[in-house]
Amino acid sequence: MPTSKQYKNALIVITHPDTESLSHQIAQHIANDLTGKGISVEIADLYKEGFQAAMMFSDIEAYRGRQALDVDVQFEQARFDRADVVYFIFPVYWWSIPAFLKGWFERVFSQGWAYKYDEQGNLLGSLKNIPVKLIATGTGDKAGYDKHGYTQAIQTQIVEGIFGFCGLQDVQTSVLYGADFIQADGLQDFFNQLDQDVLVIK
């Protein structure tokens with residue numbers, strides 16, 4: 001893991017339409033902590049900024065090499081490139097990431113930037129291998145996530161299927177369980193856990 005001197009810029013990507021949501025409270029806690037450590041924080045609030053999440057014909061044409069990537073995609077890629085550590089904060093919807101965030105990955109993690117193929121057709125992840133922190137809020141408890149396979153699904157679909165595919169190996173997942181019924185003390189406990197497990201800069 002990079003040293004504190006290597007952590008200069010952090011990117012926080014939030015996917016929740018309610019600015020009073022737990023996702024935003026978590027994002028603010030993380031931003032305050034990192035700023036206090038002298039780290040520059042950029043927040044990508046996808047709903048507030050009106051990011052176009054649906055794949056468009058222009059994205060397909062860019063994939064085919066017939067045109068440049070759309071300006072909004074290039075903007076998001078530049079944000080990622082500037083970061084030394086990236087936090088994705090989102091609610092769990094139907095045992096997966098929100099469609100909005102899925103669309104962000106589909107458009108932003110494009111061929112030629114996030115991954116490419118060599119002359120033999122072998123996949124090569126192209127993203128710089130920076131730490132990625134996935135922080136989710138969801139109902140239920142860990143036992144239920146384990147029982148229904150979602151704990152493994154996160155690993156397979158997101159950690160390996162998205163980030164591993166693009167060359168990122170340092171991916172850490174934290175889940176705030178029982179989010180719909182969380183009380184102030186429970187949220188503070190989660191903040192304390194993040195402080196110990198996610199926000200420690202070594």
Side-chain angles (χ1 to χ4, degrees), residues 1 10-31 33-34 43-47 51 53-55 80 83 85-109 114-115 123 125 127 129-202:
M1 179 177 289
L11 173 63
I12 300 175
V13 181
I14 313 170
T15 313
H16 201 295
D18 182 2
T19 57
E20 301 298 321
S21 66
L22 288 173
S23 292
H24 281 83
Q25 292 180 57
I26 293 168
Q28 192 59 57
H29 175 82
I30 292 172
D33 183 274
L34 295 176
I43 296 179
D45 187 337
L46 301 187
Y47 275 96
F51 178 77
M55 182 74 75
F80 197 96
V85 56
V86 180
Y87 298 82
F88 290 92
I89 305 173
F90 57 91
V92 174
Y93 291 158
W94 289 106
W95 302 102
S96 188
I97 59 178
F100 209 135
L101 182 56
K102 179 64 159 52
W104 189 91
F105 286 127
E106 289 175 355
R107 295 194 65 217
V108 176
F109 279 22
Y115 66 95
L123 172 70
L127 294 181
N129 191 24
I130 60 176
V132 170
K133 315 293 184 179
L134 304 176
I135 304 174
T137 63
T139 58
D141 55 21
K142 186 177 186 305
Y145 274 51
D146 292 344
K147 176 182 177 181
H148 295 289
Y150 186 56
T151 301
Q152 183 58 46
I154 293 175
Q155 179 68 28
T156 303
Q157 275 192 310
I158 305 174
V159 176
E160 298 174 10
I162 296 177
F163 297 107
F165 189 91
C166 298
L168 295 170
Q169 303 299 322
D170 186 2
V171 182
Q172 184 179 0
T173 304
S174 301
V175 180
L176 173 58
Y177 299 104
D180 284 356
F181 311 102
I182 199 75
Q183 300 296 317
D185 55 347
L187 182 58
Q188 185 58 54
D189 288 343
F190 186 68
F191 285 163
N192 293 340
Q193 178 186 332
L194 292 179
D195 293 343
Q196 295 179 14
D197 301 336
V198 176
L199 294 173
V200 174
I201 306 298
K202 297 182 179 180

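Ring orientation note: the planes of F88 and W104 are nearly perpendicular, at an angle over 60° on the 30°/60° scale. Between Y115 and F165, the ring-plane angle classifies as perpendicular under the 30° and 60° cut-offs.
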Point to revise | Working for side-chain hydrogen bond (donor to acceptor under 3.5 Å, both in side chains), residues D146 and T151 | key: CA-CA 5 Å; D146 292 344; T151 301; 2.5 Å; yes
Exercise for review: Evaluate the criterion side chain to side chain contact (heavy atoms under 4.5 Å, CB included) for residue pair Q196 and Q193; output intermediate values, then yes/no.
Suggested key: CA-CA 5 Å; Q196 295 179 14; Q193 178 186 332; 5.9 Å; no
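In this structure, the ring of F100 has its center no less than 6.0 angstrom from the ring center of F90. Taking the ring centroids of F163 and F105, they lie under the 6.0 Å cut-off. Here F80 and F109 bring their ring centres to under 6.0 angstrom of each other.
Test L176, I14, I30, V175 against I135 for side-chain contact (heavy atoms from CB on, under 4.5 Å) and you get one pass: I30.
No donor-acceptor distance shorter than 3.5 angstrom exists from the side chain of D180 to the backbone of T139, with no hydrogens or angles considered. At least one donor-acceptor pair closer than 3.5 Å links the side chain of H24 to the backbone N or O of D18.
One finds the CD atom of Q172 at 8.5 Å from the OH atom of Y87 (value rounded to the nearest 0.5 Å).
Under 3.5 Å, the side chains of D45 and H16 contain no donor-acceptor pair of N or O atoms.
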